[in-house]
Amino acid sequence: MTMEKTYQPQHLESQWYSFWEQKGFFKPANQPDRPGYCIMIPPPNVTGSLHMGHGFNNAIMDALIRYRRMQGHNTLWQPGTDHAGIATQMVVERQLGAENLTRHDLGREAFLDRVWKWKEQSGGTITRQIRRLGSSVDWSRERFTMDEGLSEAVKEAFVRLHEEGLIYRGKRLVNWDPKLHTAISDLEVLQEEEKGSMWHFRYPMENGSDSLIVATTRPETMLGDTAVAVHPDDERYQHLIGQNVRLPITGRLIPVIADSYVDPAFGTGCVKITPAHDFNDYEMGKRHNLPLINIFDRDAHVLASFDVLGFDAEQAREACPDGYAGLERMAARKAVVARLESEGLLVKIDPHSLKVPRGDRSGVIIEPWLTDQWYVKANVLAKPAIEAVEKGEIQFVPKQYENMYFSWMRDIQDWCISRQLWWGHRIPAWYDANGHVYVGRDEAEVRQKHSLAADVTLRQDDDVLDTWFSSALWTFSTLGWPAQTPELKMFHPTDVLVTGFDIIFFWVARMIMMSLHLVKDEHGKSQIPFKTVYVHGLVRDSEGQKMSKSKGNVLDPLDIIDGIDLESLLAKRTTGLMQPKMAEAIAKQTRKEFPEGIANYGTDALRFTFCSLASTGRDIKFDMGRVEGYRNFCNKIWNAARYVLMNTEGQDCGQGGEAVTLSLADRWIISVLQATEREVTRQLDAFRFDLAAQALYEFIWNQYCDWYLELSKSVLNDTDATAEQLRGTRRTLVRVLETSLRLAHPFMPFITEEIWQRVAPLAGKQGESIMLQPYPAASGEREDAPAEQTIEWLKAVILGIRNIRGEMDIPPGKPLPVLLRSSDEADRDNVAATRSLLMKMARLENITWLTDDEEAPPSATQLVGKLEIRVPMAGLIDKSAELARLSKEAEKLEKEVERLAAKLANPQFADKAPEAVVEKERQKLREAEGALAHVLEQKGKIEAL
RNA sequence: AGGACCGUAGCUCAGUUGGUUAGAGCGCCACGUUGACAUCGUGGAGGUCACCAGUUCAAAUCUGGUCGGUCCUACCA
């Protein structure tokens, strides 16, 4: 069986994946004596599809897992998906919308049926993508946040936290999304700078003779004003403090209060206070015990009858002034402004830019709104979570993200966990007819715990929990918690969490808090969820833009793996847009970036690209050129293997331990391989996937392929070679390749498996799969400094001759006579040791040594250390070309000599720098001076011709 | 407003505790197809390491400042 001439990824990927999966290789080894190693996948939205960020994330996790698995750890990489409350519910509601239905038409139960159906239908997309990415996840342990077990864990966590007083229910101002009709957390609100106006209104005082001017960006909320605040030291308004304002339109009497929160220099120094519709005003209302007047309904339309509440809970109603009830916020704004203008109370309107809060899902303006919600007392949970990072029990990589974590955690706000949705974990709380609330794992437990008679009607809370509440339990709920399962004992705390910095607050911080509070080891000690958080950058497009569906610049990792033609890509990017008018711009951009569509690069090339982009930066501009480069790298490996197999299959490679003679080149490549193994493992341990990938690339391409394979030809094609020599070179070819494949496997699982299956037997290795083989570990015994020195010398000499060839335009195939001269004994030894390699690799006609005093013919010259390499010019070399080359060389050396001489002439340097550094500089100077003298001499001789 | 991060070749990026002639890939120029690979080979060009000052014998690297960019947090109604 021969190998294809070029690497064809699509032929081999899927078949290896199903082989691994069917054989159960992804499951933990189940050998308790081995150290455990566990990664939990960050669960993607079950109804979504993976984007480049996920692809990146998966490449990193799989590299880690395969690396540790090969090192003999008992590894578990557990996959799963998230129910993504709002996002999923929105998708299904949109589907219903297409049928002119709302979820209320269906009712809760029927609606949830629809969502489950949609989940079943679309859920396969993600698992298919994860498989195509080659991720070695244990599918037998796949989890979904709404699974029964996980739902039990959610209930358990809620009830326990409630019993401990860490979850409470309260009426508070929340971020209300008037479109989705739900509360959302602070983190789900985007503050964007937008252009708006600042309205200045005159508010008359109760006495009628005086007035003050307030400045506001939200005129419509004046219907709910319950005070005007000024700074206590503001001289302009001292006389008004304590007096009442007659609020226009409503006629309500409201006090002028003094509060140092007010900035006298901003606006007019008078702030209207609307405690029920602004977070700052709410706080001020609390301080001054002001009434809260809620003027909006859940759509943020003006109520016909306002709710008047107090912080001490008295409740009343106030009729809405005529003409405003039912108006939407912006309409109400217009009406209020018009009315005030007509009454002569509008002083001016200034343009003003302000941060407008918008829901990250709905895009509508968020309304601070008074509602009953459930909260987690976060500051209590945050304390141990901060300590765990401070003490180093949990480490962030790169470390700088710890600052981000600390700054958020040290100023943490209570977490609003209830959502007015249907899709999610229903809150385990029941109400009786009097509105008393009871929390328990189920209704029976509630009745029993509170001794409620059977005839008391209980109604469960309608709301569900924030999706992040269940994801916060992810590391342990998926291992069976609250039961103390063997898996929990083996794999928790998990080892690494791999994630983007954008969800440190959403997810990472909350997992740490929940795990430390809820999970205890067998000694009762609180458990962290993971030991290391590896934070990677965000994948952006080639222009540095964040990838998003609405911008139309998203890429599906599978389209890079399988390729996609331009038309299909255009269709993918422009259908189902929230703003259809964007389609044209998106199409234009796409045509520009991918005029030919995208080629099929294969999974390995994509994964290697991700790894090589995984440096410490925050943004990762995705460059298709890199993928192409690494696809070529795959092809390079493929063809190297082809060469090795052509020369070893069916031949004696010393598998049986027969005697071998290793050549210098054999010893050299084995030695360099050790250094590479050391480097790759060191970088993987440090999470520097880019540097690990680079070391691998450099070794395979620039050492093994460029040099070793070429050097091996001189042995394999040598008719005088002994059986031991042939065997030695074949064995080295095969063994080094086999080891390199294992070294590369975590990065490029498919191509390495495909080749390994053919190469392993030749290297005397047995095993079902490369993924179960030991990861290479460097051995000091195989290091061979003398061989490295000689081959490095050889490379330099060959490069020198190639340089003459290249610059002198001598055809590569033309055999050259070479004259050598050197005062260094080692040069003679090296030539003797590598003569035949030198002859072949440099395409030499002959090698002649010159004695010190022998006159050399005019020739082009290169220096390698003390070795003078001469190619006689006769008939080959153009005088002026050689002069140009020498001039260039001399110029370079002159600069070098000048620089070094100046440095050494500085007494400060000679005195203060360490002797070793000074000596090194002296040595460099001597060499440069010698080389310069030689080049100038050459130049003189040639000029004289 | 506060904080973080970034600014290195035309492009995308490495450069670990100060001591290299500042590197890689892609791109560019020239040459090259007798069996591993044109998804290739050989040679070459290309950088005041954003700018200014300081510390030091020595700065891409450390300190301060300026300019430019990105992001986070808190916001002035």
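At the phosphate of A77(B), neither OP1 nor OP2 sits under 4.0 Å from any side-chain N or O atom of His200(A). At C40(B), one or more side-chain N or O atoms of Asn632(A) fall inside 4.0 Å of OP1 or OP2 (strictly under the cut-off). In this structure, Ser615(A) reaches the A14(B) phosphate: one of its side-chain N or O atoms is under 4.0 Å from OP1 or OP2.
In this structure, a donor-acceptor pair under 3.5 Å is absent between the side chains of Gln694(A) and Glu698(A).
Place Thr616(A) and Gly629(A) on RNA chain B by their nearest nucleotides, and Thr616(A) ends up nearer the 5' end.
Closest approach to the Thr6(A) side chain among C5(B), U39(B), G35(B) is made by U39(B) (side chain taken as heavy atoms from C-beta onward). With A45(B), G41(B), A77(B) as the choices, the nucleotide that has an atom nearest any side-chain atom of Lys272(A) turns out to be A77(B). For Glu896(A), counting side-chain heavy atoms from C-beta on, the closest listed nucleotide (U73(B), C5(B), U21(B)) is U21(B). Distance from the side chain of Thr216(A) is smallest to A77(B) among A36(B), A77(B), U21(B). Nearest to the side-chain atoms of Tyr643(A) among the listed nucleotides A77(B), A36(B), C37(B) stands A36(B).
Within the 4.0 angstrom heavy-atom criterion, base atoms lie near Arg843(A). As judged by a 4.0 angstrom heavy-atom cut-off over every strand, Lys713(A) is placed among the base-contacting residues. Using a 4.0 Å heavy-atom criterion, one finds that Arg899(A) contacts the sugar-phosphate atoms exclusively.
Aromatic ring centroids of Phe747(A) and Phe633(A) lie 6.0 Å or more apart.
Every residue was checked against the ring-ring contact (aromatic ring centres under 6.0 Å, His included) condition with Phe699(A), not counting sequence neighbours, and none meets it. With sequence neighbours excluded, no residue forms a ring-ring contact (aromatic ring centres under 6.0 Å, His included) with Tyr643(A).
Of the residues in residues 401-408 of chain A, not one places a heavy atom less than 4.0 Å from an atom of RNA chain B. Of all the residues in residues 691-701 of chain A, Leu691(A), Tyr697(A), Trp701(A) reach under 4.0 Å from RNA chain B with at least one non-hydrogen atom.
One finds a salt bridge joining Glu921(A) and Lys924(A) here, because a Lys/Arg side-chain nitrogen approaches an Asp/Glu carboxylate oxygen to under 4.0 Å.
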Anything under 3.5 Å between a protein N or O and an N or O of nucleotides 55-58 of chain B, put it in a table, one pair a line.
from	atom 1	to	atom 2	distance (Å)
C57(B)	OP1	Lys912(A)	NZ	2.4
C57(B)	O4'	Gln908(A)	O	3.3

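Helical stems involving RNA chain B, defined as 3 or more consecutive Watson-Crick or G-U pairs under 3.5 Å, span B:1-7 with B:67-73, B:10-13 with B:23-26, B:28-32 with B:40-44, B:50-54 with B:62-66.
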